[in-house]
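One structure is given below, encoded as structure tokens.
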There are 2 protein chains.
Amino acid sequence: MKFTMAEENYIKAVYHLQHGQEVVSTNALSAELQTKPASVTDMLKKLKAKKIINYEPYRGVKLSAEGKKVALGIIRKHRLWEYFLVDKLQFGWDEVHEVAEELEHISSNKLIDKLDEFLGHPKFDPHGDPIPDSKGKIIAQPQEQLSRALLHTPVEITAVGSQSTELLELLKHKGLQMGTRLEVKKVFDFDGSLELRIKNQQVVTVSRELASVLFVKSL
Amino acid sequence: MKFTMAEENYIKAVYHLQHGQEVVSTNALSAELQTKPASVTDMLKKLKAKKIINYEPYRGVKLSAEGKKVALGIIRKHRLWEYFLVDKLQFGWDEVHEVAEELEHISSNKLIDKLDEFLGHPKFDPHGDPIPDSKGKIIAQPQEQLSRALLHTPVEITAVGSQSTELLELLKHKGLQMGTRLEVKKVFDFDGSLELRIKNQQVVTVSRELASVLFVKSL
DNA sequence: ACAAAAATTTAGATTTGTCTAAAAATAGAT
DNA sequence: ATCTATTTTTAGACAAATCTAAATTTTTGT
């Protein structure tokens, strides 16, 4: 089955919002996609007719089995292109998201499989998110939030929970990126902010909000 | 200025059809773009309003200076992507056109400049067509039609005059591609067909139509 | 349990790019 | 020079994706 760009963007948004949630609300989709709730309702009807989602009016929405496959295909393309941009074209890891949003809609399957091979079948994109394989299989990452890391224990940043320009700008400013090694030195109960020591060098402070979207693994 | 995909396709079509012709007709655009003449008229009004073309009703259309710049930008993207697909992803030179038709609409200038650099600033695409540089400068190719080549003179194929699937299929079948060396052995006046000897080996016959869209240079 | 608030859907309109059918303009042939 | 054939444009309609405003359903607080 073929999909328009708009349809693909809705499918991807449902997939992303579905994590944790049982069903996704019209309002959540409207916020994610920067459209009005009324527009979301229209599209949900269309996707339901195509059997991509399960949807009953007022009851929320989830992807069908078929919908999940489609979503993983789009995410595979997005993350492979991001890897290409960083690894081959020397983009910064914080500048690739918008471009990949366009590239992910190129339809050729042959293209994406050859790109995958050219890149050496990478398993993670530059933000640390796993890349689905050509059958839609995706490595489940045991992600630990930085905000729950133990004090004085060396960890490495493995993923960021969003690709917003604002978040990526903040990370760059603090000197944090994928693979950065650090320890939590102190937690302030007042506001949940953390004091980190990066690679035994600079000390930086991050807010509770930031610490909750940074994922780490112990070293 | 930003353009929709449909607008970009019209701009590119006017550019391609303008070669040789003084002005381009509505019917020619309608044939090239597989749309009805009435749709072409609508779009021409829109592009005229954006000052991309010079157009007076019933009088045909040509690109403005600005329009030419836009067209060269799109062609640059198309040909760089074709080069990438063949050189890096190992596509056959006859399979890349359709995919490049999609990739050429990706908007990031940074992407295309980095791609150009990654590819080593190639001057010709896999069909032998020159790639405009980032300022829109394009090497004017002194193209000689195979149908006008001298008898018994070694030449090399440097370009093909169209990217239609049908043409590319025929070339593949005849064992002809970019860089193939051959000599014209005989010209049949009855139908304008040519007998060629490829690399001093096989002899193949090509029609007048085919010979007129193959471009060669003397060796 | 029920009224107010919030979320969601419906109804009707808009924009973009396309179409068909009909009208108008141009070009060609004698 | 004029009439016919061809080309092109106009007029009106449609599908996709969006919007605003109004109606409806669900949730929440007391």
Side-chain angles (χ1 to χ4, degrees), chain A residues 1-14 17-18 20-63 67 70-71 74 101-102 104-105 107, chain B residues 1-15 17-18 20-63 67 70-71 74 101-102 104-107:
Chain A
M1 202 167 354
K2 289 225 57 215
F3 300 96
T4 65
M5 266 187 216
E7 287 170 339
E8 289 193 349
N9 286 333
Y10 276 89
I11 294 166
K12 196 169 49 123
V14 175
L17 293 172
Q18 206 169 297
Q21 315 275 294
E22 172 61 14
V23 293
V24 177
S25 73
T26 300
N27 261 4
L29 281 166
S30 140
E32 174 84 6
L33 293 162
Q34 318 255 62
T35 59
K36 301 293 165 182
S39 311
V40 174
T41 301
D42 288 345
M43 184 60 93
L44 293 183
K45 286 184 197 163
K46 218 176 127 192
L47 291 176
K48 182 185 178 173
K50 288 194 170 194
K51 309 206 192 256
I52 291 303
I53 58 172
N54 298 121
Y55 163 64
E56 292 306 323
Y58 298 103
R59 291 276 95 106
V61 66
K62 19 189 317 193
L63 290 175
V70 175
I74 301 164
E101 290 281 299
E102 289 189 62
E104 74 189 2
H105 300 295
S107 61
Chain B
M1 205 169 349
K2 288 225 59 213
F3 300 96
T4 65
M5 266 186 215
E7 288 170 339
E8 289 192 349
N9 286 332
Y10 275 89
I11 294 167
K12 194 169 52 125
V14 174
Y15 182 92
L17 293 171
Q18 205 168 297
Q21 316 274 296
E22 173 59 13
V23 293
V24 177
S25 73
T26 300
N27 261 2
L29 282 165
S30 138
E32 175 84 7
L33 294 162
Q34 318 256 61
T35 59
K36 301 294 165 183
S39 310
V40 174
T41 301
D42 288 345
M43 184 59 94
L44 293 183
K45 287 185 197 160
K46 216 175 130 193
L47 292 176
K48 183 185 178 174
K50 288 193 171 194
K51 308 207 194 256
I52 290 304
I53 58 172
N54 297 120
Y55 163 64
E56 291 306 322
Y58 298 104
R59 290 276 96 107
V61 66
K62 21 189 315 193
L63 290 175
V70 176
I74 301 165
E101 290 281 299
E102 289 189 63
E104 74 190 1
H105 301 294
I106 304 293
S107 62

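Numbers restart at 1 for each chain; the letters A, B, ... are given by sequence-line order, proteins then strands.
- Residue B/Thr26 has a polar side-chain atom (N or O) positioned under 4.0 Å from OP1 or OP2 of D/dT9.
- The 12-atom threshold is exceeded at NZ of A/Lys50, counting heavy atoms of other residues, nucleotides or ligands nearer than 6.0 Å.
- Regarding contacts with the backbone of D/dT8, a side-chain N or O of B/Asn27 is found under 4.0 angstrom from either OP1 or OP2.
- Between the P atom of C/dT14 and the NZ atom of A/Lys36 lies a distance of 18 Å, rounded to the nearest Å.
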Subject >> Audit row: B/Glu101, B/Lys12, salt bridge (charged side-chain N to carboxylate O under 4.0 Å, His left out) steps and yes/no >> reply: CA-CA 11 Å; B/Glu101 290 281 299; B/Lys12 194 169 52 125; 2.8 Å; yes

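- Within the model, atoms CD of A/Glu32 and CG of A/Asn27 stand 13.0 Å from one another, a figure rounded to the nearest 0.5 Å.
- Where A/Pro57 and B/Pro57 meet DNA chain D, the nucleotide closest to each residue was compared, and B/Pro57 sits on the side nearer the 5' end.
- Across all strands, B/Pro37 comes closer than 4.0 Å to base atoms (heavy-atom distances).
- Rounded to an integer number of Å, the gap from CG of A/Asp42 to C1' of C/dA11 is 10 Å.
- Among the heavy atoms of the strands lying under 4.0 Å from A/Thr41 is at least one base atom, whether or not backbone atoms are also near.
- A/Ser39 comes within 4.0 angstrom of a nucleotide base, judged by non-hydrogen atoms across all strands.
- Closest approach of B/Tyr55 and B/Lys48 over heavy atoms only: O-NZ, 3.1 Å.
- Of the candidate nucleotides D/dT26, C/dA27, C/dT8, C/dA27 has the atom lying nearest to any side-chain atom of B/Arg59.
- Summarising the geometry, the separation between OH on B/Tyr58 and P on D/dT7 is reported as 14 Å, rounded to the nearest angstrom.
- B/Leu44 has its CG atom 12 Å from the P atom of C/dT18, to the nearest Å.
- For C/dT10, one of the phosphate oxygens OP1 or OP2 lies less than 4.0 angstrom from a side-chain nitrogen or oxygen of A/Lys45.
- Between the NZ atom of A/Lys2 and the C1' atom of D/dA15 there is a distance of 16 Å, given to the nearest Å.
- For B/Tyr10 and C/dT16, the OH to P distance is 14 Å, given to the nearest whole Å.
- As rounded to whole Å, 11 Å separates atom P of C/dT18 from atom CG of B/Leu47.
- Between the OH atom of A/Tyr55 and the P atom of C/dT10 there is a distance of 6 Å, given to the nearest Å.
- When each of A/Glu7, A/Lys2, A/Glu8 is paired with A/Thr4, the side-chain contact (heavy atoms from CB on, under 4.5 Å) condition holds for A/Glu7 and for no other.
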